[in-house]
Amino acid sequence: DSKYYDFSRKIINDNIENICITQKSISEWVSVLSKIGSYNTIKSELENIMVNFRILYPNDLSIKIFTELILKYQPRGRK
């Protein structure tokens with residue numbers, strides 16, 4: 001509902017600049033959305049982020065485990 005929604009969606013979906021994102025940035029994003037209970041957004045958009053961005057992380061397995069834990073336990077805020 002933000003005035004930046006369409007612009008942000010275009011960046012995520014097109015990623016013409018080949019943007020990279022860190023696992024820490026994803027963690028912070030999950031933290032903010034989980035504080036307000038937006039688990040549906042996390043669930044639906046996390047996959048888009050994983051597919052459309054180059055993620056900088058320790059290894060392939062770490063991001064897989066991270067994603068599985070988020071979806072399974074639905075952490076709230078900083079937990």
Side-chain angles (χ1 to χ4, degrees):
D1 295 355
S2 166
K3 65 181 181 179
Y4 301 107
Y5 179 81
D6 290 332
F7 177 71
S8 300
R9 298 285 324 145
K10 185 166 178 51
I11 290 172
I12 292 170
N13 291 329
D14 295 347
N15 194 14
I16 58 175
E17 286 85 18
N18 195 22
I19 297 172
C20 298
I21 190 169
T22 65
Q23 187 169 333
K24 178 66 176 167
S25 295
I26 296 171
S27 296
E28 293 297 326
W29 174 79
V30 169
S31 176
V32 169
L33 289 179
S34 67
K35 266 187 194 175
I36 58 173
S38 293
Y39 296 109
N40 288 335
T41 302
I42 294 169
K43 188 174 182 179
S44 66
E45 296 304 322
L46 188 57
E47 184 175 343
N48 287 334
I49 290 170
M50 301 297 183
V51 169
N52 292 311
F53 287 92
R54 190 162 37 123
I55 302 170
L56 306 176
Y57 48 85
N59 61 48
D60 291 334
L61 184 57
S62 69
I63 197 68
K64 181 178 185 235
I65 292 169
F66 173 75
T67 304
E68 289 172 359
L69 291 173
I70 288 171
L71 297 176
K72 182 177 180 180
Y73 293 108
Q74 298 185 350
R76 182 143 183 107
R78 296 185 175 263
K79 295 180 180 176

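Model, not experiment: these values are computed from the prediction.
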Query raised in the report: Under a 4.5 Å cut-off applied to non-hydrogen side-chain atoms, are Ile42 and Gln74 in contact?
Result: no
Query raised in the report: For the atom pair OG1 (Thr67) and NZ (Lys43), what is the distance rounded to the nearest 0.5 Å?
Result: 13.0 Å
Requested in this report: Take Lys64 and Met50, measure what side-chain contact (heavy atoms from CB on, under 4.5 Å) needs, and give me the verdict at the end.
Outcome: CA-CA 10 Å; Lys64 181 178 185 235; Met50 301 297 183; over 6 Å; no
Nearest non-hydrogen partners of [X] and [Y], listed with the distance:
X: Ile26; Y: Phe66; value: CG2-CE2, 3.6 Å
X: Phe53; Y: Ile21; value: CB-CG2, 3.8 Å
X: Pro75; Y: Ser34; value: O-CB, 2.9 Å
X: Asn18; Y: Arg54; value: ND2-NH2, 3.7 Å

Requested in this report: Supply the members, apart from Leu61, of the Ile/Leu/Val/Met/Phe/Trp/Tyr cluster built from side-chain contacts under 4.5 Å; use none for a lone residue.
Outcome: Ile65, Leu69, Tyr73
Requested in this report: Take atom CD1 of Ile16 as the centre, draw a 6.0 Å sphere, and report whether it contains more than 12 heavy atoms from other residues, nucleotides or ligands.
Outcome: no
Requested in this report: Would you indicate whether Asn40, at its atom CG, is surrounded by more than 12 heavy atoms from other residues, nucleotides or ligands within a distance under 6.0 Å?
Outcome: no
Query raised in the report: Okay, side chain of Ser27, backbone of Gln23: is any donor-acceptor separation there less than 3.5 Å?
Result: yes
Query - Which residues share a side chain to side chain donor-acceptor pair (under 3.5 Å) with Ser38, sequence neighbours left out - result: none
